[in-house]
Amino acid sequence: MAAVQDAPVEADNEKEIKTETLNDAAGNHASAAGGVIPSPPVASTSSSGPAKAGGPGSEEQQTLMAVLQFLKKNNFVGAVDVLRREAGILEDSDESQGQELAASALGGAEAGDATCTLSRASSCTTSTPAVAAAPAKGARCAVVCVSAGGEDQPDVNVVLSAYSQQGDPALYQGYYSGLKKFVESVLDCHRAELSQLFYPLFVHMYLELVYNNHETEAKAFFEKFSGDQECYYQDDLRVLSGLTKKEHMKGNETLLDFRTSKFVLRISRDSYQLLKRHLQERQNNQIWNIIQEHLYIDIFDGMPRSKSQIDSMSGSLAGEAKREANKAKVFYGLLKEPEIDVPLDDEDEEGENEEGKPKKKKPKKDSMGSKSKKQDPNAPQQNRIPLPELKDSDKLDKIMYMKEATKRIRLGPESLPSICFYTFLNAYQGLTAVDFTDDSSLIAGGFADSTVRVWSVTPKKLRSVKSAADLNLIDKESDDVLERIMDEKSASESKILYGHSGPVYGVSFSPDRNYLLSCSEDGTVRLWSLQTFTCLVGYKGHNYPVWDTQFSPYGYYFISGGHDRVARLWATDHYQPLRMFAGHLADITCTQFHPNSNYVATGSADRTVRLWDILNGNCVRIFTGHKGPIHSLAFSPNGKYLASGATDGRVLLWDIGHGLMIGELKGHTDTVYSLKFSRDGEILASGSMDNTVRLWDSIKAFDDIETDDFTAATGHIHLPENSQELLLGTYMTKSTPVIHLHFTRRNLLLAAGAYNP
Amino acid sequence: MADERRPKQCSLVLPTESMKVMAESVGVGQLQEECCVALSEEVSYRIKEIAQDALKFMHHGKRRKLTTNDIDHALKLKNVEPLYGFQSQEFIPFRFASGGGRELHFYEEKEVDLSDIINTPLPRVPLDVSLKVSKEQQKVESTEPLKAVKPGQEEEGPVQGKGQGVTSAESKGKEKSISRLKPRSTHELSVEQQLYYKEITEACVGSCEAKRAEALQSIATDPGLYQMLPRFSTFISEGVRVNVVQNNLALLIYLMRMVKALMDNPTLYLEKYLHELIPAVVTCIVSKQLCLRPDMDNHWALRDFAARLMAQICKTFSTTNNNIQSRITKTFTKSLLDDKTQWTTRYGSIAGLAELGPDVIKTLILPRLSIEGARIKAVVEGPVISNIDKIGADHVQSLLLKHCASVIAKTRPLPDNVDQYRADYGYLGSMLCSHVVKARAQAALQAQQVNRTTLTITQPRPTLTLSQGVSTGSGPRTPNIIKVPSSLTLPVQTLVSTRPVTPAQPSPPATKYIVMSTSTAAATSPQVISLTSSRSSSPITSTAPSSTSTLQPLVKVEHTGQSVTTPGAGGSRTLQKYIVVSLPSAVSSEVKASSLSSPSTAVDSTVKADRTELPGASTHSSH
């Protein structure tokens, strides 16, 4: 691939970007990476050069920067070093900030692969107008994206040149083992915390060695110490192990993620002081430099954390979330249900409905406790996000919903739901995605052969509307006009939708059952009409495979996310996205709307879950703790909690309001592909590649935490090891991976998967 | 620091020789060693990168196996043209060859003749994707519309009923969690059901008559026996098989009584188990020997009883599809026609045929009368061969006389001439003649008696007037209609304890009576009594009304303080009122109410009193 050392770029241009990014650094960075101003704690505690360099850019420094750029461009490496030393600038500390910003905003688009970046940059440009309409921060972010994306190539070199420090390669092993000895010698309480340093240090030292062409030393270093790393970093280590040449570094996205985003560690003040003293005593500048440049150490006051506490939170590609990242207020309450005063046609129905309403609300109140009849204090304003108005058919559906809700079965540890499994037979085309309508009348399946199939599981067959010519003949005044427009000849139990040109990875029904969304490897999201069974719109924006798409619970909006690391929010009547959520460091693998439609959650291959505010495009929560790519998300019906499942077979529970992990459900032995809360939230069902459906006691899981006096201030929780107590049932299928779960309105659990002989 | 020592990260590189081979294959002859090294490292790195991307596609395809398509998609991500021609689904093994100092791994690719491919017939079209539903039922209470998806599983449904306590449900849940999808055929009984089964079977074949009566009562009335039915059926068929060999008459009788009780239970549908029950019953009818001392024991009664059961089975279950009745008739006729059949078997087959009704007697037995008469004559008047034969002949004779006389009396025109009879029926003619005359006389007498009894029966029935009084009295009030849940049928066994075991007559249609008692003193829970005076093809239960009638059992509660004037028993303060609603499908529901001035606690006595009226009620309804 492209092995360009230096691209001819005018220094002026470069400088311009720099100033802009510097001026904007704080705000933009916050918007892009999660609302945190980078590194003040580090700066304040470390007294030497970096502090000055990290400060807001003065005129002088900018000039210096420009000179540095110029020198570097012309390969005056010695001069660069001398100048830097004399000026006391750790050049990349501020450069990296700028780069980091651009990088994270673009989702690591600076990949050396020219074609790749170009296409991504262009995708950004095309979408800019749409985003510009959006409130300030998102727009600014996008603008920066474009300018940075245009000047991509040199930046990559700059980023990588951070590794060009000259140290004796033979000493690296000594440095590392010296630190190891030191950590092993400290008190037990500090050892666990300081052990966190090993992995990022290991990676950065290895990359430095590789960058400086010390191939054999790098290999030796890797072989000696890779075994020490925590097992959950294995996937990343595998990528690293393949990387043995400087040339490889340019095209590797994982590496760039590592370089462009600071690895975040949380360490107690005591431990940090201990480390600092040690490094100063030993004059171990190599390690100290790496810590200063590539790590973000989030220092907190109080007790050092235990090993289990650290393990539960670590595992993501870029370390833990900064504490500030999860401080923003989230309105997790539910919206008020609209009053429905539809005149009902017969008394019987009305009577049922009258008694139905209070019944439906009652159990909710009982189980959730916090619901009041008036506006929930945690709920967003009703019109915070404009929602589509209810049509008459929607109101009828709501009434149906309430009726069904009265017949709902209260679940609990003593009354588990019945499970009905829909097995797809003969699915040699590879079933890749399934969705049920809310009223459980239709099933949609996405297949690897690019088709989408829709089944009716009720006796009511699927009929399409008559052709336009036939529709002209219909008496439009007749009462049963809705019945007459349907083509009886087209009635069948299933319909096939053709249109995609690659495997369909996600399907989602609209709440009113009129539309179906599907997303595919071909980079498009398609909207299908379930009246005519044709494709209405192809939403183009993602240039890479789209892994998941999801309709808002109120319809109209939908979210999509894919390989390009950007989640996009769309409205069905706009062909361009309304919002773009950038920040993930790897593919977005799954998406989910909050029940109040004001937030979306995205799970990613960077092993984090992020919660985004639709109103302003901000990332309001970052949840770390998974040890593998996240493949399923589910909000509890009251909107307070989030569950996520990953390839590591674990399900994690999160408190959205406090931004905390509150539970860990171990039991599955393979990827958890589907999660669903029961309608009242008492049961969490999880389906997995290991051919099982498991039921968990979610009430107990949430209660156990709330009774515990967790330290909300620091966010350090002790997770109880109670997976086995919470597991209510395990249900094996016959070699059928469970890829979707759905609770009917009466709390019958439906599951679906393809028989895989 | 690591939790476990992992195998070393693989840092394999392709051998430089591969590079050379590949270079040669594209026409580059002399590749320098350094080039090869550089190339191989680069290629290895790229291959790893692509493989790692392909894994992503595998995960999103929800598979465990990496396919060639995944690689293609990964290449597409890198803007590389995918490799074509690797679509094979099957595993293609590498072949290995060595020679000339080089080792090679390669695919074996055969040359394909295009015309062969074109000329081969098209393979079968693969089956289309289809949906299959399987269920994991947790509890019966969780009824859902989707429950009707698989109606074939009858055994799963009616788990409710007795013996299905909370503990058993829980234990069942735990069993399920170990092995989830159980095969359809096994139906494990809960601990309570096992105990119940053991108790019942022991009581049925035990020595205590009182216990047996109770057990049979339970079998005949308990609504929750469905799950145990296969076991009962096996128990009976095995029991008959063993005890016929051992000539254990008593046990055979007990087992037949169990069959009878099972048939009496309106909630059980025996059709699925007839293949076990019919052979057992037929054995008890026609077996050569049923007891140890054929001359002493009354095995004839067992044959009669079993024959009656058989007739009942035929009546209930025979359809044009299974042809039970005609098959059974054929079997009996065959043994009847055979000259060598023993007297016992002969008796059995005649009894079996006779019970099937006058038509059968007319067509199958009457023509045989003279032959049978000759046979009997040979035994009775001939030289005495054995006592047993004589007894057998006697019984056959009386049986024939009994059944044939009534039929002849009805069909034959009046002048009963002995000579004529003898000419027609041979040896038995004279005796038949006298029997027929007797039968005719009795019929005339009975007709008179019936008239007289109806008069007497109407007399203790203040019911008619009362029911009218009730209906008029309850006119302005809204009748209190109570849907009776199935759980209330529990007190049935205790209440009805001495019902008649075998009604001799062809029985009236099944009826169900629900009795509500309300006493002023104590708040008694409503009691439901289900009395099935005969077998019924369509079980009418309070939960599942039969297909024809959608009648829900209605129970009207009348408080004693009402102003209904009750003739006869008026004035008593502890007045109890029983309203009996019968639910035959055809007959319009008849409301009977009897007011009895009895102590409020004496529920049993009132029930008995009620039942004494039952025959009257049934005769009334059949008029």
Side-chain angles (χ1 to χ4, degrees), chain A residues 115-116 195 198 219 222-223 226-231 234 237-239 241-245 248 409 415-432 443 448 453 455 503 505 521 544-545 547 563 587 629 631 647 671 673 689 729-732 734 737 739 744 746 748, chain B residues 1-6 8-11 13 38 41-42 44-49 52-53 56-57 59-64 67 69 73 76-79 89 126-139 141-147 149 166 170 173-174 176-181:
Chain A
T115 48
C116 158
S195 304
F198 286 133
K219 270 186 185 163
F222 190 91
E223 256 167 49
S226 69
D228 293 346
Q229 309 307 326
E230 300 284 352
C231 53
Q234 204 170 355
L237 289 179
R238 200 175 292 133
V239 175
S241 71
L243 188 124
T244 51
K245 286 212 181 313
H248 296 161
I409 289 151
S415 59
L416 295 178
S418 296
I419 305 174
C420 179
F421 201 102
Y422 287 90
T423 312
F424 288 76
L425 299 175
N426 314 318
Y428 310 113
Q429 306 90 329
L431 179 73
T432 44
I443 297 180
R453 286 160 196 257
W455 279 269
Y505 288 120
E521 187 267 344
Y544 287 91
W547 297 132
H563 179 69
D587 301 31
H631 273 276
T647 54
T671 311
Y673 275 119
M689 193 72 191
T730 305
Y731 304 88
M732 302 286 290
K734 193 183 169 198
I739 65 171
T744 67
R746 299 186 186 184
L748 174 76
Chain B
M1 293 298 122
D3 290 339
E4 72 208 62
R5 281 269 160 185
R6 276 165 274 118
K8 263 186 201 167
Q9 294 291 341
C10 156
S11 54
V13 208
E41 281 186 6
E42 178 68 15
S44 318
Y45 172 70
R46 297 295 164 199
I47 286 180
K48 280 180 195 167
E49 209 177 31
Q52 282 157 5
D53 275 343
K56 254 182 217 174
F57 286 92
H59 276 299
H60 283 281
K62 276 109 180 166
R63 278 176 279 116
R64 277 202 193 84
T67 66
N69 282 329
H73 291 137
K76 218 174 134 191
L77 272 192
K78 303 255 169 232
N79 269 346
Q89 297 286 327
L127 294 168
D128 199 14
V129 190
S130 59
L131 270 179
K132 185 191 147 218
V133 181
S134 44
K135 284 188 305 163
E136 175 62 54
Q137 196 81 15
Q138 289 287 359
K139 277 199 177 171
E141 293 89 81
S142 51
T143 48
E144 274 290 326
L146 278 159
K147 199 181 164 186
V149 171
V166 183
E170 274 174 8
K174 271 175 196 144
K176 274 186 184 173
S177 66
I178 297 161
S179 69
R180 238 33 241 207
L181 287 182

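All chains are named by letter (A, B, ...) in the order of the sequence lines, taking the proteins before the strands, and each is independently numbered beginning at 1.
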Answer whether the closest heavy-atom distance between the side chains of B/D128 and A/R453 falls below 4.5 Å.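 Side-chain contact under 4.5 Å: yes.
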
Any non-hydrogen side-chain atom of A/P545 less than 4.5 Å from a side-chain atom of B/K56? no

Tell me the closest heavy-atom pair linking [X] and [Y], and the distance in Å.
X: B/R64; Y: A/M689; result: NH2-O, 2.6 Å
X: A/I443; Y: B/L131; result: CD1-CD1, 3.8 Å
X: B/G61; Y: A/T432; result: CA-CG2, 3.7 Å

Relative to chain B, which of A/D587, A/T647, A/L425 shows the most heavy atom pairs under 4.5 Å?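 Option with the greatest count: A/L425.
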
Segment of A/Y673 engaging chain B (4.5 angstrom heavy-atom cut-off):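 Just its side chain gets close to chain B.
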
What's the separation between atom NE2 in B/H60 and atom NE2 in A/H563, rounded to the nearest 0.5 Å? 10.0 Å

Positive for side-chain contact (heavy atoms from CB on, under 4.5 Å) with B/K62, one of A/L431, A/T671, A/I739: A/I739

Can you name the side-chain hydrogen bond (donor to acceptor under 3.5 Å, both in side chains) partners of B/E49, sequence neighbours left out?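 Once residues adjacent in sequence are excluded, the partners of B/E49 under the side-chain hydrogen bond (donor to acceptor under 3.5 Å, both in side chains) criterion are B/Y45, B/R46.
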
Is the ring pair A/W547/B/F57 parallel, tilted or perpendicular, if the boundaries are 30 and 60 degrees? perpendicular

Please check if the side chain of A/R238 supplies one atom and the backbone of B/K48 the other of a donor-acceptor pair under 3.5 Å.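 It does not hold such a pair.
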
